[in-house]
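Per chain, numbering begins at 1; letters A, B, ... match sequence-line order. In this text the structure is predicted, and so the values were computed from the model without any measurement.
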Amino acid sequence: MSEQLRSFFGCGLDDDRTFDLNDYGDSIPRWCVGCGDHGVLSAVKRMMRDQRLLPERTVFVSGIGCSSRFPHYLDTYGFHGIHGRALPIATGVKLSRPDLDVFVVTGDGDCCSIGAGHWLHATRYNIDMTVLLLDNAIYGLTKNQTSPTTPEGFETNTQPHGTYLPALNPLSTALGVTNASFVAQTADWVPAHLLATLKAAYEHVGFSFVRILQRCPKFSAPVFSEQARTPDLHELLFHSDGITVPSLDKIYKHRLEHDPSDLDRARSLAEDTERTRLGIFFKDATRPCYNAIRHLPTYTAAQNIERLNRELDRYAV
Amino acid sequence: MSEQLRSFFGCGLDDDRTFDLNDYGDSIPRWCVGCGDHGVLSAVKRMMRDQRLLPERTVFVSGIGCSSRFPHYLDTYGFHGIHGRALPIATGVKLSRPDLDVFVVTGDGDCCSIGAGHWLHATRYNIDMTVLLLDNAIYGLTKNQTSPTTPEGFETNTQPHGTYLPALNPLSTALGVTNASFVAQTADWVPAHLLATLKAAYEHVGFSFVRILQRCPKFSAPVFSEQARTPDLHELLFHSDGITVPSLDKIYKHRLEHDPSDLDRARSLAEDTERTRLGIFFKDATRPCYNAIRHLPTYTAAQNIERLNRELDRYAV
Amino acid sequence: MSPSSAATVTRIATDSGPGSAPKNVLHLDEHTLEIVSDSGEGAQKCGQIFASVSAKMNYGVWTVEIIPAEIEPPARTAAGASGNLIRFGRDKVTNWGDETNLVVAFNEQVLLARHRLDALSDDCIILIESKWAEDPDAEIRQEWQDAMEEISDRNYRVIPVPMEEQCLTRVDNPRKGKNMFALGLLAQIYGYDVEKISEQIRAQFAKKPPEVSKANVDLLELGVHWAQENLDLRIEVPRIETDEKRVVMNGNQAAALGAIASGMEFCAMYPITPATSVSQYLCDVFERYGGTMHQAEDEIAAAGAAIGASYAGKVALTVTSGPGLALKTEFIALAVMTEIPLVVLDVQRGGPSTGLPTKVEQSDLLAALFSQPGDAPRVVMAPATIEECFHSMVTARRIAKSFRCVVIVLTDANLASGQQQFQRPVLDERWHAAPANHRAVTSGERPYDWDPDTGLSRRIVPGQPGGMHTVTGLNHDHDSNVDYTPEINQLGCAMRSRKLAVLQQTMSPPPIHGDESGELLVVGWGSTKGAIEEAVDRVRAEGHAVSSTHLTFLSPMQPGLGEIFSRFEHVMTVELNYSDDPAAPYITPENRRLGQLAFLLRAQTLVDVDCWTRVPGQPLRPGHIADALRRKLSAASETEVRVNE
Amino acid sequence: MSPSSAATVTRIATDSGPGSAPKNVLHLDEHTLEIVSDSGEGAQKCGQIFASVSAKMNYGVWTVEIIPAEIEPPARTAAGASGNLIRFGRDKVTNWGDETNLVVAFNEQVLLARHRLDALSDDCIILIESKWAEDPDAEIRQEWQDAMEEISDRNYRVIPVPMEEQCLTRVDNPRKGKNMFALGLLAQIYGYDVEKISEQIRAQFAKKPPEVSKANVDLLELGVHWAQENLDLRIEVPRIETDEKRVVMNGNQAAALGAIASGMEFCAMYPITPATSVSQYLCDVFERYGGTMHQAEDEIAAAGAAIGASYAGKVALTVTSGPGLALKTEFIALAVMTEIPLVVLDVQRGGPSTGLPTKVEQSDLLAALFSQPGDAPRVVMAPATIEECFHSMVTARRIAKSFRCVVIVLTDANLASGQQQFQRPVLDERWHAAPANHRAVTSGERPYDWDPDTGLSRRIVPGQPGGMHTVTGLNHDHDSNVDYTPEINQLGCAMRSRKLAVLQQTMSPPPIHGDESGELLVVGWGSTKGAIEEAVDRVRAEGHAVSSTHLTFLSPMQPGLGEIFSRFEHVMTVELNYSDDPAAPYITPENRRLGQLAFLLRAQTLVDVDCWTRVPGQPLRPGHIADALRRKLSAASETEVRVNE
Ligand SMILES: Cc1ncc(C[n+]2csc(CCOP(=O)(O)OP(=O)(O)O)c2C)c(N)n1
Ligand SMILES: Cc1ncc(C[n+]2csc(CCOP(=O)(O)OP(=O)(O)O)c2C)c(N)n1
Ligand code: SF4
Ligand code: SF4
Ligand SMILES: [Mg+2]
Ligand SMILES: [Mg+2]
């Protein structure tokens, strides 16, 4: 939420409560042991604590999938929706309640397959919310079907002789959409980077799209296992206007300075997937936000009735 | 249709019929006077004649919209579907009948709004078909509502105080999608270019996406009127592997050589909309085609029953 | 040309000889007229103004739009007929009646369209642009001849009017002005106050430069003048003065204004005919009331955004028609399951599938009730008049909010574009939501604190400290925790269903039009009410014991239906949807597909409810309904005779 | 720990003392056993193998999967119970029965889950992993104690078995082998041929390296050996030899094989529980028959691709469950309108909305019939057994093709994963489509050459010279030209509806289970058939005049229902969906929400059809149904007494 809105709604900044991690939820998630979702949940709680988010002013919206169980494990408001439709719901929440901090948690099937149309349009609307795509390159909840981001050749229950097509690249897809304003990538196995990315995404005013590479030891273990073990397969994008996580510099040797305002380069960096690049690919806070454009004053019932009576006069017999 | 398939199905190339324009339909279209769709229809018929397409082996699939009335005005097979869903229908047609030449005609609302998810996925499947996006930057059939490609500020019936958001760029959106294999732009008011583009699109094996800027004098006249009158506002992309229309060189002074295999440049050319660029932005015939990957032999009923009996043995008690 | 049609044309020519003054004035209690033109020639505007002025003069009014199916159909074709039908009279007018008594047609092809639809009375007066008879194009002259030939078997009184010729004396492009000239003709024929009409024209063009109004009023006066000089034709319909404050509008305007009046603050939609005009109207004005209109990328997203807004504390609206309703199917189930209030306005059109997009039908009833897989109880209501379009939005919002449920409001293309006047609503602040109050949730309060008897519970919305929980489409317990146990699933289903039973207990039986008992009861729903009651009145006047009743709520059904039905020997529905003709091949009483309400009523009451239904893509005619009632009555009495033998 | 539970545990300890040989053999006509473990411990595989072998031994078999709702629920929790229930017996077994007689449980928490669901008979034999009682973790020991305490009010016979300890003698990771050890226990208890089981194991692991089979067989033998040494427990169920060729499989396999056998060549789907396994099976094998499986981006696209393939000359299939069916709503209407054949397989799960995704319910019936806005007649059928799952796909394809219509086949999560054996189908080439023949279309042939009596017509598909036309979801005439006239709209609706009447006339009344007349008729549909008939048999055996009938076709309805119902004093449905409890607050006969079939039957027959329905997320029990029938009978006789007074 922008500071502007915070002060407008008289909440948040002038609320001096602080929270600890458990204030954001302490129930035990029902994800498999070793599932990357656990790490994302911890990072999200940490980010909320650091940013002092008010649990009652924070809404997590999700679709259906393992990842979409996320809201159940938080003590904020939550909306566990239907498959592929988290973004439209979140759109309605934020448009009608700009005072709320809205997060969306979605999976690669939820967002990139059945939800693809909403994803494209939400990117374009550029409504102020933070979207976490937990990309495990598989359908987890329904047990091992090909998703758009499943690597070509990977065997699944629905493409048992190997996935037919090259994996969809969610970064370049998002970067192709007009009015995209924040596109980043991080991974569940680099917690410090994950946390830094979440903070940057939350702070960005607009539609902050974060693809989080997420391990699913149950069904897509081979996709990320070597990767997660091998810092050298990564390349960290850093920039004064992006994110820098100095603590990682020792382990992650490959680093690349990238100015997130450079869309052309962002696209070409995203396209080339030989190295797994983590960081902010693109960021532009000047792109128009639909929720800001549509922001309206509120009127009392009496004011509205008076106006409506005037409107009725136009139809008077 | 690839030559391979043509010969496989024993049709087309060894069929020595020739056709004239009327063989592809001679009914009078019900579009407004001055509507750009008329010109597209003529160009399509001309292309079919030149390529000697067999009317009975050609299928035009469309959604709902003024543009989607297209199949009704052709004497080929046609499927006038439902709003936004032409691409899934066409997918089923081509997957099950690779011997057919499949075309899709869609509008900016049909393809880029309600159909956006299918558009993204069809681009990725890269099934061999030719897609004509008749982009008039408005909802025509339902009479003047904002579409994703309506220019910011343009007044419509649903955004009467001016369209809220910058127009979606269908070219950069399509170019962002992994496995895109052919992206081009042309305009109804440059018939020679339109025809050349249609030919190139048809000849490309894969998902050939052609955005056709299309005038709607009824509702979005101001969007293209100056444009259509002013060759200097255009820039023609030419290349030995793209299209060249020498006849236009005299009138269209701005020309740019662009190698359609260069994706990065294609994206940056598409992004910059100061000039209206016509031509092939991107083309890559080596990208995997889902229909080719999925191509199957056919078996007789007897063969299948024999196999199935063997399968049943596995369950035998 | 056959002699008879030649005769017709000749007779007219005499009629409209220049300078002849009105010799006689027809006095009638009501009259039905139409203005039809090619699309884009402005007949609709002409009709709308005439209707508004009629309403303001305190006539009873009902209008029907004549809409071509294409955007800009070819000129001079039957398919392109575009315009307006206005039935007006001394008393309240509730439907479009049986036939048109006077037509102003801008060419003979659009006239033919109406003739072929059997829309015109046998003695219909036809004012037609005369220029086509002498068009330089021989083909057109032939078409004119053929048309006159085709209509010659009726006793129409055809009056050629040199509309274009006249208009050219004032403007350069006569296609643009003919409609106002035609309005002038009508003003003179019906003796309307020209100044009143001019005022209405000025109001209509208020946003345009004043020259526009001026030019239009000029043409109006030209028409009046020409008619004075040339037409021996005056029709006078008496009117009753009243002090009642009234408004006149169409059903889509009424629904949009009702939504605002109800205090709804959020509407998401995707354009679709014939619902678009509701949303377009809201797009224009909703912001002035702090309301957000969101045009979503598709109908699914529209439903989702509405649900999101409702979840966040509003009661949101989504507006659509058949194909869009189909797309909202999954989301509606989510709203039911999470008990998020939602109002869905479905402006019905001809189906199935794309069907007849611009035309009227009442065939989304069963879909509105049953389209969700799983048991998803929701409220379904159907306004029957323009006035009810307004008030049902207020009711719908209140029910949605108090019962935390989905309310589907079914109107149709007939209500959507038809104009009628009604008592001006007295707006009430209590209709609005109380301003958002993010009070802290006290301990023990739960998100689904179902009252075990009623299933009702109070919502907790984001922003309320201490109320944090996650709503879900999975089965859940009182705390909104996911729960798969048999008891909780049974309980959740029961609680969601119970609310409807409670609502049903607050309702009254529907009123009966006519006697409380008798031979035949006609049951209807939605926009057919006026036509049904008019038909019933006619058949009653012939001495038959026929009554009718009209259902506003289709789910839950109003109480007392079985009891009411038991007081009649026969019950049948009249509906604007499909049922098999009982006499058709292969159709038996067992396999006959029934009208949708008839089907529901049979299950509800176990009474052998018959039906008479049609899918013409236009409103039902009282005369046709009356015929159906008569046939039903005589078939019934025949059966009785046979039984008595 | 209470004395009584201590006693239980002690008694068991004696039972399973080492070296004690079976002293007595129980002879029973049938037995129901379960294997339950944490998810991932392989109880399901163990159960499946046991069931397959039982079937191959010619036992009657019915299995039910016990599925946790999460992917990998925490270990040792009730929510995580995963496994298989097998009821087998001398005669045909058609449902899961009333309770389980023997359980193998891998920990006490999953046992508790079953206990709490009241799934176990009072004298149930429980073989349970014993290691938890002495776990180093005090908390776990306490949990064990608490569990024993909790179950101590029942007369279960609890037999601790050192499963892990034993397995560790052969393998390193006992969690991976316990299931085979358990299978060995069962083999010994029920006296199964170990070699037969080993064969089945080898078949199951055929795709893995031979060591895998070997290790599993080793553990199996270890289990057998341990049981021989330690268990004083033998159960013998007689079996009948038969020459009938049989197969054993679950309903999803049967439907998939049926689809192949029917000659369908194209299936598009999007994954969804519990339909996924049908599609996964087809994904695996369909290509071998030249069939294309397309996993689309969503259910809408899946329906679209299927329609596209059918349009192009196939009869395509799309497979889904509730939420997916909801998304296909709009496309199904297009298929109806264009008369493109389409088979939709809906494997029903608990609703509404996401509901109970892994659990069974029969509540998509009304949605299957009515979800499309506009009138969209289609065929709806519901197989009642695994065998019918196979054959109904063949029938569905044939109807879809001959009638150019949509056929929706409703199975459910119970049929989907339940295994049963049935007569091996004799495949028939005539089920397949004739190979595509792109003959030229002769002049005068039209795309909608409706036979005016039957509504039937022959399709013209792309590739046929001279047949070019454009199909459309708009209303259209015989030539597929868009048409908005009232007559053609009425005609199109009539033709699409007429086909159903014609189909109905080819059908026979449903057979009656029990006498042809009597006091009470129970009506059911879908997977509940076996449980209903077993309940009816029990109540009949008590001397009541109860019969049942089961409907395969729900649209059109089979003929003769009214006549059949008239032969019984009372009619009620038994369904696995929601209806209001008539005794609940605010519920009256007028507003009571009914079971979905009951509702349909009332409209269809005007008989006062009652219903007894539940939504437990698990199959109905014959015992519970029998109780409901008894209550209905005694309520009915009470009413009669009152009436007689
Ligand atoms: C309309 C609908 N279609 C399909 C499903 C079944 N379904 C549930 S989750 C899911 C995909 C899950 O994959 P993903 O989004 O990648 O999330 P993950 O489980 O991997 O975190 C599917 C297909 C559904 N619930 N609803
Ligand atoms: C499901 C559904 N939603 C909405 C509509 C209404 N509708 C018909 S065409 C159209 C948009 C047309 O715009 P576009 O696709 O740009 O085509 P154009 O008419 O401009 O060629 C809409 C919203 C519909 N027919 N079906
Ligand atoms: S299946 Fe995969 S994504 Fe789902 S909880 Fe398990 S590890 Fe995580
Ligand atoms: S409305 Fe526009 S797009 Fe439609 S036919 Fe007319 S000019 Fe063409
Ligand atoms: Mg995933
Ligand atoms: Mg358009």
Side-chain angles (χ1 to χ4, degrees), chain A residues 27-35 37-38 62-69 72-73 80-85 107-120 136 138-148 150 155-165 168 216-219, chain D residues 38-40 44 67-75 77 79-80 82 175 207 252 267-288 292-302 319-324 326-328 349 351-355 357-358:
Chain A
S27 65
I28 298 160
R30 297 293 179 88
W31 292 305
C32 303
V33 175
C35 176
D37 292 348
H38 293 286
S62 66
I64 299 284
C66 291
S67 38
S68 290
R69 289 297 177 99
H72 287 285
Y73 308 130
H80 180 207
I82 51 179
H83 192 40
R85 319 294 173 189
D108 43 315
D110 202 56
C111 177
C112 309
S113 192
I114 190 169
H118 307 307
W119 174 35
L120 189 157
N136 57 4
I138 200 80
Y139 285 5
L141 189 68
T142 43
K143 305 190 176 178
N144 200 26
Q145 295 86 19
T146 287
S147 103
T150 304
E155 291 173 16
T156 69
N157 281 342
T158 44
Q159 305 194 350
H161 314 302
T163 291
Y164 298 116
L165 288 170
L168 181 86
C216 168
K218 192 92 181 172
F219 300 121
Chain D
D38 286 346
S39 165
Q44 291 200 351
I67 321 172
E70 335 280 327
I71 286 286
E72 195 171 270
T77 55
S82 166
R175 277 200 88 205
K207 286 184 186 166
N252 274 356
C267 174
M269 57 89 206
Y270 184 75
I272 187 165
T273 309
T276 346
S277 67
V278 185
S279 10
Q280 286 176 184
Y281 187 41
L282 284 175
C283 286
D284 206 17
V285 308
F286 206 20
E287 291 207 345
R288 282 187 239 149
T292 301
M293 274 305 289
H294 173 56
Q295 176 180 332
E297 59 271 28
D298 61 21
E299 284 90 348
I300 298 177
V319 182
T320 193
S321 295
L327 286 169
K328 295 179 201 282
R349 60 189 229 181
S353 194
T354 315
T358 57

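In terms of non-hydrogen atom pairs under 4.5 Å with chain A, the most contact-rich of D/S353, D/P74, D/P323 is D/P74. Across D/S279, D/P271, D/G40, D/A75, the residue that shares the most heavy-atom pairs under 4.5 angstrom with chain A is D/P271. The most heavy-atom pairs under 4.5 Å with chain A, out of D/T273, D/L282, D/I272, D/D284, come from D/D284.
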Let me see the working for D/M269 and A/T158 under side-chain contact (heavy atoms from CB on, under 4.5 Å), right down to the final yes or no. CA-CA 10 Å; D/M269 57 89 206; A/T158 44; 3.7 Å; yes

Let's go through D/T276 and A/K143 carefully: what are the C-alpha distance in whole Å and the side-chain angles of both, what is the deciding distance for side-chain contact (heavy atoms from CB on, under 4.5 Å) to 0.1 Å, and is it a yes or a no? CA-CA 9 Å; D/T276 346; A/K143 305 190 176 178; over 6 Å; no

Show your working on side-chain contact (heavy atoms from CB on, under 4.5 Å) between A/I114 and D/E297 and close with a plain yes or no. CA-CA 5 Å; A/I114 190 169; D/E297 59 271 28; over 6 Å; no

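The contact between A/L141 and chain D is made by backbone and side chain atoms together, counting heavy-atom distances below 4.5 Å. Proximity to chain A is limited to the side chain of D/Q295, based on heavy atoms less than 4.5 angstrom apart. Within the 4.5 angstrom heavy-atom criterion, only side-chain atoms of D/A79, from C-beta onward, approach chain A. Residue contact with chain A, scored on non-hydrogen atoms closer than 4.5 Å, involves the side chain of D/Y270 exclusively. At a 4.5 Å heavy-atom cutoff, the contact between A/H161 and chain D is made by side-chain atoms alone. Only the side chain of A/C66 comes within contact range of chain D, with heavy atoms under 4.5 Å apart. In this structure, the portion of D/T354 lying under 4.5 Å from any heavy atom of chain A is its side chain and not its backbone. For A/T156, no part lies near chain D; criterion is any non-hydrogen pair under 4.5 Å.
Atom CZ of A/R85 and atom CG of D/L327 lie 5.5 Å apart (nearest 0.5 Å). Atoms OG1 and CD1, from D/T77 and A/I28 in turn, are 10.5 Å apart once rounded to the nearest 0.5 Å.
Side-chain contact between D/C283 and A/Q159 is absent, with no heavy atoms from C-beta onward closer than 4.5 Å.
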